[in-house]
Amino acid sequence: QLDSKNVYLLLGSNLGDREKLLTDAIAQIGNRVGMVFAQSSVYETAAWGKEDQPSFLNLAVGVETLLSPLEVLREILKIEEELGRIRKEKWGSRLIDIDLILFGDMVIDLGSELQVPHPQMQYRKFVLAPLAEIAGTVIHPVFGKTVSEILGILDDNLTVT
Ligand SMILES: Nc1nc2nc(S)n(CCO)c2c(=O)[nH]1
């Protein structure tokens, strides 16, 4: 349909039965957000932002949705709550975390409520590596570069001595 959008989400878990939580989250996303048309492999990654916590499992999913960005946000927050995420500290450990990374070619800035594309995605290999697997040729609407190009730039910068 013309009015559907391809949304890319980054899922993460670093507590409990991480694999099962990710699987359950994907099922819920398929029931409530739209049709899951792609999912990346699962990456084990060191905690970013606040290092003194268990490592994460991350994966990216592509969903075709008819929902608005705020409706998608509302659904993923409900899925996090239902799967048991207790929002303790900002960058603390969590059973499940679902971040909205890209929403078609939309650029949205609702401050702390919602920013699309995700304002940190270009700094986060745990986002770019899984996302490049399923959306490597997708163009970032602000940078005008593909996800794979952005990953390449991050890798080059990280290898700068
Ligand atoms: N490796 C890794 N580190 C993280 N730090 C935070 S916060 N998160 C939650 C997503 O923002 C993650 C994550 O998903 N993976």
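As the structure is a prediction and not an experimental result, all values here were calculated from the model. First listed ligand is number 1; within each ligand, the first listed atom is number 1.
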Query raised in the report: Is there side-chain contact between Q28 and K78, with heavy atoms separated by less than 4.5 Å?
Result: no
Query raised in the report: Can you list the ligand 1 atoms lying under 4.0 Å from a non-hydrogen atom of R124?
Result: 11 (O)
Report task. Can you sort out which atoms of ligand 1 are near N58, meaning under 4.0 Å from one of its heavy atoms? Result -> 1 (N), 2 (C), 13 (C), 14 (O), 15 (N)
Query raised in the report: Tell me, do N58 and L11 make a side-chain contact under 4.5 Å, heavy atoms counted?
Result: no
Please report, to 0.1 Å, the donor-acceptor pairs under 3.5 Å made by any side chain of residues 101-117, with sequence neighbours excluded.
residue : atom : partner : partner atom : Å
D109    : OD1  : G111    : N            : 2.9
D109    : OD1  : Q115    : NE2          : 3.2

Query raised in the report: How does D99 reach ligand 1, if at all, at less than 4.0 Å between non-hydrogen atoms: by side chain, backbone, both, or neither?
Result: side chain
Query raised in the report: Should the pair E71-R32 be classified as a salt bridge under the 4.0 Å nitrogen-to-oxygen rule?
Result: no
Report task. Indicate the ring-plane relationship of F56 and F126, choosing parallel, tilted or perpendicular according to the 30° and 60° boundaries. Result -> parallel
Query raised in the report: For ligand 1, which atoms, with element, lie under 4.0 Å from some heavy atom of A46?
Result: 1 (N), 2 (C), 3 (N)
Query raised in the report: Is ligand 1 less than 4.0 angstrom away from at least one heavy atom of G49?
Result: no
Requested in this report: For ligand 1, indicate whether the residue W48 contacts it via side chain, backbone, both or neither (heavy-atom separation under 4.0 Å).
Outcome: both
